[in-house]
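A quick write-up on the structure given underneath.
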Amino acid sequence: MEKKSPGKVLLDDTVPLSCMIEASQNLQSHTEYIIRVQRGVSAENTWQVIRRYSDFDVLNASLQISGLILPLPPKKLIGNMDPEFIAERQEGLQNYLNFITTQHMLSNCELVKKFLDPTNYSSNYTEIALQQVSMFFRSEPNWEVVEPLKEIGWRLRKRHFLIKSKDRPKERQVLSWADFGPDMFLSDKDLQSTMKLLPSWSHPYIYPVTFATASDSSALVIRMYNEKGTLRDYICKAKPKDPFMKKYCNPKKIQGLDLQQIKTFGRQILEVLKFLHEKKIPYGHLHPSNVMLDGDTCKLLDLENSLLGLPSYYRAYYTQSRKINTTEAIDVYSFGHLLYEITYGRPPDSVPVDSFPSVPSTDIVSVLQSILSAEAWKTNMPTIAQLLETPLFNDVVLLNTEKPQFKIPTKLKEALKTAKECMENKLNQEQRALHRYKRLTRAQSHHGSEEEKKRRKTLARKKSKQSVTENEVDISAKSSNSNNVNSGSGASSPLTSPSSPTPPSTGVSLVPPPPVAPPKSETDLPSQSISTANGAGRAALLSSIQSFKKGHLKPTDTNDRSVPTIK
């Protein structure tokens, strides 16, 4: 079904990079650190990069814009070639890499990507975007670039420019340009048709598009510029034009919304998500930076992202749970993150969330637990319709009565539906691969643990002792049976009546017979002699004893050694 565009970027920038410093090497006056980097869970998708401490220092200086306290080991001018110091520094640099690759905003930024993967991230995306925009302006001379809006978003392959129209020079608009992503499953023709329809689509909770078009490798969208910025700008008290990391990594002033705003904004967002899913239009890109504030109304941004196949902001999170396996479940999960952030003023420290700070209403915690808790990850996500019926949102009165305008040709509806299914299938495949990797990793970790090693040693010793015991018993049994075979009684056989013939021997018994005890008296003789008789002589012994008691026989010495002489 998929017709790959020649400009489609197959690399998913949201797949986490993990790294390990494998070794260090001294070269004249400096030390180089050999870093093994891996993308995702595939052990085959690895490579090496070599970095000096000065490279770490340059990266760290660039990341200071985030406002985070980064754990880079300090410089040392004297004794920096000492082996013990190098080993200590290597450990410190590893801790530094662990920090920047697990911090969500840092790990996705262009600086970190280029440091760990220079092969795939060596391009100047702003320069590429300017070239594409300039080509577009040749056919649309009415537009003019005012300034680039550098890194106002987290996405590497999407760039924003402040532009103006020559007809309205004082009015500012924002142009966004992006490459096609790895999740694009629309054909070129269907994509072109959908992009042309974007400006005609209207909904009270969707931010309108002025112009949209697509080439064979990228797309361009124009919207009105909003001085107030996004919902996240409002929460973080940030300036819309500032770089993404400066605004959101460690904001100095944060403020959650009041209860009525949480209820109203949450209801508006759920209503528009419900509408999009009824129209079979995938979204999957909900987060506070993609929600524009227009007075007391929330409006979704970047509806084109899913059409262009761009990976989601929370993709590294929801691929961890196999229950988040549909586009609706993705939007519900993303809504949980958004609700947490507008309530507490910051994103959760980790996911799943074990505990929630106090809030103005327990209804908020109830909704958050149904989406972000560990229990929610094991069960299915609630539907959008179910969230709308919760006490937190079901009594909200929406004042905006504007009717949506979304005309979609039947053929395009089918194409959008098929693209949505392809996205879900790809997600399910990634989740299964990640699940297998986690299971294997847990097994390997358990197998290599000290506790498991001790358990295996203890078990091996028990098996060894048991084997020795069994061998001794077997040898004893064979020795006893050998003695029985050599005795005059022959092989053992079951007792029979005197008138019955003695059955032939069938082999050696595996259980050795009990020892013979001499009788204490005449009354004890019959039972003890019968119980200790062995082989074919048992039947003859029984007959002799019975005859003796009747006085028919005199005591004699038999050939059977097991029969004692009676006096």
Side-chain angles (χ1 to χ4, degrees), residues 65 110 124-179 191-192 194-234 236-248 285 288-305 307-308 310 400 402 404-405:
I65 191 174
E110 186 176 352
N124 187 326
Y125 299 112
T126 301
E127 185 63 31
I128 295 173
L130 275 172
Q131 293 175 2
Q132 296 289 331
V133 171
S134 298
M135 292 177 62
F136 163 71
F137 281 164
R138 291 177 187 175
S139 58
E140 298 287 341
N142 194 43
W143 300 100
E144 180 181 339
V145 174
V146 177
E147 63 174 310
L149 299 175
K150 293 184 178 180
E151 300 171 355
I152 65 168
W154 68 276
R155 202 176 292 280
L156 276 68
R157 304 174 196 273
K158 191 169 190 177
R159 288 294 185 264
H160 301 81
F161 302 89
L162 199 63
I163 65 171
K164 65 181 181 180
S165 169
K166 292 181 179 178
D167 297 335
R168 296 183 296 276
K170 293 185 179 181
E171 188 178 80
R172 295 293 182 264
Q173 301 195 47
V174 176
L175 180 152
S176 61
W177 170 90
D179 273 324
L191 178 64
Q192 290 283 356
T194 309
M195 296 298 287
K196 288 179 180 179
L197 286 173
L198 272 180
S200 66
W201 289 351
S202 66
H203 189 281
Y205 307 125
I206 293 179
Y207 203 70
V209 171
T210 304
F211 179 86
T213 188
S215 66
D216 58 354
S217 62
S218 60
L220 180 149
V221 179
I222 298 175
R223 295 179 176 87
M224 294 299 298
Y225 177 68
N226 189 331
E227 294 284 350
K228 294 182 179 180
T230 65
L231 182 57
R232 186 171 272 161
D233 290 330
Y234 179 78
C236 298
K237 311 300 179 189
K239 298 178 181 178
K241 291 184 180 180
D242 283 344
F244 189 86
M245 285 203 303
K246 180 179 180 180
K247 291 189 292 185
Y248 307 137
H285 294 270
S289 294
N290 270 355
V291 177
M292 189 69 77
L293 272 183
D294 188 4
D296 293 330
T297 304
C298 278
K299 298 188 175 185
L300 287 191
L301 283 169
D302 292 353
L303 203 65
E304 71 277 4
N305 279 359
L307 305 175
L308 303 178
L310 305 183
N400 198 323
E402 177 189 345
Q405 299 292 330

Step through the shown structure and confirm whether more than 12 heavy atoms of other residues, nucleotides or ligands are within 6.0 Å of CE on M224.
-> yes

Report yes or no: is the cationic atom of K246 (NZ for Lys, CZ for Arg) under 6.0 Å from the centre of the six-membered ring of F244, at an angle within 45° of the ring normal?
-> no

Enclosure of K239 NZ (heavy-atom neighbours >12, cutoff 6.0 Å) | no

Looking only at atom types and distance, does a side-chain atom of Q192 sit under 3.5 Å from a main-chain N or O of A214, one as donor and one as acceptor?
-> yes

With sequence neighbours left out, write down each residue that passes side-chain hydrogen bond (donor to acceptor under 3.5 Å, both in side chains) with D294, or none if nothing qualifies.
-> K299

Okay, side chain of D233, backbone of K228: is any donor-acceptor separation there less than 3.5 Å?
-> no

P141 backbone acceptor or donor facing K166 side chain under 3.5 Å | yes

Any donor and acceptor pair, going by atom type alone, linking the side chain of D179 with main-chain N or O of R157 inside 3.5 Å?
-> no

Should we count OH of Y234 as having more than 12 external heavy atoms under 6.0 Å?
-> no

So, are R159 and E110 salt-bridged, with charged N and O less than 4.0 Å apart?
-> yes

Flag for D302-Y207: side-chain donor and acceptor within less than 3.5 Å = no

Just checking, any donor-acceptor pair under 3.5 angstrom between side chains of Q132 and S215?
-> no

